[in-house]
Amino acid sequence: MTTATSKPEAAGEIIADKEKWLRTYRQMVRIRLFEEQVNELYTRALMPGLAHLYSGEEAVAVGICEALRIDDYITSTHRGHGHCLAKGAVPDRMFAELLGKEAGYCRGKGGSMHIADPATGNLGANAIVGGSVGIATGAAFASKRLGNGRVAICFFGEGALGQGSLYEVMNLAQLWKLPVIYVCENNLYNEYTHYSETTAGTIMGRATAFGVEAVTVDGQDVRAVNEVATRLVQRARSGGGPAFLQADTYRYSGHHVGDINREYYRSKQEEQHWKTERDPIKLHGNWLVERALADKAALEQITAEARAEMETAVKFAMDAPYPSADQVQQDVYA
Ligand SMILES: Cc1ncc(C[n+]2csc(CCOP(=O)(O)OP(=O)(O)O)c2C)c(N)n1
């Protein structure tokens with residue numbers, strides 16, 4: 001069991017990676033601005049149902065997906081927009097899905113919690129807490145049998161640690177040396193309850209009990225996440241077996257967009273602390289500027305481009321047609 005931190009880098013290394021670190025910055029900004037639009041659609045009563053925002057947690061999805069091939073798999077959660085975007089989903093089809101339009105990833109029948117995109121290896125978001133652990137492990141099993149080198153990333157919140165199926169699949173994954181990485185995004189709260197009230201023992205102990213390689217990482221540091229993910233993905237791809245990554249992070253908004261008054265379960269000061277001191281975009285932006293990989297104007301330009309991209313995508317989705325009534329039972333299995 002180890003804790004990963006980003007290491008000080010040699011000057012040459014930074015320059016070689018300049019494009020990568022600008023890309024990760026852009027990806028985090030895109031996710032943040034996507035979520036701002038989702039919240040806007042909800043508050044203007046333009047979106048049916050609810051959504052669970054990922055703002056604050058961007059470095060986890062981006063740091064990990066940056067370490068993946070396009071054909072590697074991910075499985076996601078109810079808080080899945082960031083995972084989908086980081087793996088390559090396009091915002092116009094995502095917004096279309098959120099608004100129930102035919103152009104959406106599931107033809108408008110899935111909504112926020114059921115976005116899947118096989119073209120980018122995304123096996124789907126999942127409204128069932130822990131619901132994707134078997135899917136990711138099965139994908140890794142198939143990958144091993146077919147010998148195609150694909151790695152599966154299984155994202156889940158720490159609330160999923162209460163699901164027994166996680167322990168069944170970790171046991172098999174370790175016995176069969178499957179190329180799967182279980183990524184526990186510990187944002188401290190399972191809905192409105194601090195995880196310390198629901199989680200006996202330690203989080204890491206649950207993985208080490210099976211002999212699974214277990215690492216914790218600062219989930220607000222995109223470079224640290226990427227560094228450890230790169231190592232674990234290479235290890236899994238070359239037959240080294242599964243891993244468990246605990247990424248410590250925080251969700252800025254409520255459990256879902258309607259969770260406005262949160263003071264009965266967490267303080268405003270706590271939220272403020274994470275937003276001002278631990279924001280993954282600010283931290284990475286400062287790092288880019290300090291190392292002269294970008295100036296403030298360049299970062300503002302990235303933000304402006306991402307904002308325009310999201311506005312265009314929302315407009316696309318708003319203007320897109322609903323599925324016709326005769327499609328109501330198509331592709332529906334349950
Ligand atoms: C099996 C199951 N039980 C309960 C729920 C209701 N529920 C939705 S999200 C959630 C909490 C999830 O917490 P966590 O896994 O830590 O993810 P986070 O919301 O913090 O990202 C619960 C209990 C559900 N969707 N599925």
Side-chain angles (χ1 to χ4, degrees), residues 28 31-32 34-35 38-39 42 49-65 74-87 110-116 122 124-137 153-170 181-204 206-207 216-217 219-220 225 244-262 264-267 270-271 274-275 278 280 334:
M28 291 196 291
I31 294 169
R32 179 73 54 90
F34 180 94
E35 298 293 48
V38 175
N39 197 45
Y42 171 76
L50 291 167
H52 306 77
L53 304 185
Y54 194 67
S55 303
E57 306 190 27
E58 294 90 346
V60 183
V62 171
I64 288 172
C65 290
I74 65 162
T75 62
S76 177
T77 68
H78 55 286
R79 197 176 301 289
H81 305 157
H83 308 139
C84 298
L85 285 166
K87 194 65 175 56
S112 165
M113 287 185 275
H114 300 97
I115 291 175
N122 179 356
N126 205 310
I128 306 299
V129 169
S132 76
V133 297
I135 299 169
T137 309
I153 302 292
C154 180
F155 289 106
F156 55 88
E158 79 291 342
L161 296 168
Q163 291 288 48
S165 51
L166 175 64
Y167 305 102
E168 296 180 39
V169 297
M170 279 205 291
I181 300 171
Y182 302 99
V183 178
C184 177
E185 300 182 305
N186 181 12
N187 65 13
L188 303 181
Y189 296 90
N190 323 156
E191 288 191 332
Y192 321 107
T193 306
H194 194 270
Y195 83 98
S196 59
E197 293 179 51
T198 60
T199 315
T202 65
I203 293 179
M204 298 288 271
R206 288 141 189 265
T216 56
V217 68
Q220 306 309 91
V225 174
F244 183 99
L245 180 61
Q246 176 186 330
D248 294 322
T249 186
Y250 196 77
R251 67 164 152 78
Y252 287 173
S253 316
H255 169 61
H256 55 65
V257 281
D259 173 23
I260 306 294
N261 300 316
R262 302 184 282 277
Y264 72 96
Y265 71 91
R266 67 185 203 185
S267 68
E270 178 182 292
E271 292 188 358
W274 282 86
K275 286 180 187 172
R278 308 283 299 115

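Numbering of ligands and ligand atoms starts at 1, following listing order.
Distances below 4.0 Å separate heavy atoms of N187 from the following atoms of ligand 1: 18 (P), 20 (O), 21 (O). Listed by number with element, the atoms of ligand 1 under 4.0 angstrom from any heavy atom of Y189 are 16 (O), 20 (O). Taking every non-hydrogen atom of A160 and a distance limit under 4.0 Å, the qualifying atoms of ligand 1 come out as 15 (O). Interface atoms of ligand 1 facing E158, defined by a heavy-atom separation under 4.0 Å, are 16 (O).
When R79, H256, E191 are ranked by how near their heavy atoms come to atom 6 (C) of ligand 1, first place goes to E191.
Contacts between V129 and ligand 1, counted as non-hydrogen atom pairs separated by less than 4.0 Å, involve both the backbone and the side chain. Counting heavy atoms closer than 4.0 Å to ligand 1, residue H78 contributes side-chain atoms (C-beta onward) but none from N, CA, C or O.
Looking only at distances, a side-chain donor or acceptor of Y54 sits under 3.5 Å from a matching main-chain atom of A61. Under a 3.5 Å cut-off, the side chain of T137 and the backbone N or O of G134 do not form any donor-acceptor pair. Using modelled atom types, one side-chain atom of Q163 and one backbone atom of V129 make a donor-acceptor pair closer than 3.5 Å.
In summary, the side chains of S112 and H81 do present a donor paired with an acceptor at a separation below 3.5 Å, with no hydrogens or angles considered. Under the 3.5 Å distance criterion, with hydrogens and angles disregarded, a donor-acceptor pair is assigned to the side chains of R79 and H255. Side-chain polar atoms of E270 and Y250 form a donor-acceptor pair below 3.5 angstrom.
H255 CE1, 3.3 Å is the protein heavy atom nearest to atom 9 (S) of ligand 1. Distance from atom 1 (C) of ligand 1 to its nearest protein heavy atom, with residue and atom name: Q163 NE2, 3.3 Å. Protein heavy atom closest to atom 16 (O) of ligand 1, with residue, atom name and distance, is G159 N, 2.8 Å. Atom 13 (O) of ligand 1 has its closest protein heavy atom at N190 CA, 3.5 Å.
Scanning both residues, G219 and T249, for their nearest heavy atoms gives O-OG1, 4.3 Å.
The structure places CZ of R262 at 10.5 Å from OH of Y192, a figure rounded to the nearest 0.5 Å.
In this structure, Y42 has its ring center at least 6.0 angstrom away from the ring center of H256.
At under 3.5 Å, a nitrogen or oxygen of A127, whether backbone or side chain, sits near a nitrogen or oxygen of ligand 1. The distance criterion of under 3.5 Å between nitrogen or oxygen atoms is not met by R251 with respect to ligand 1.
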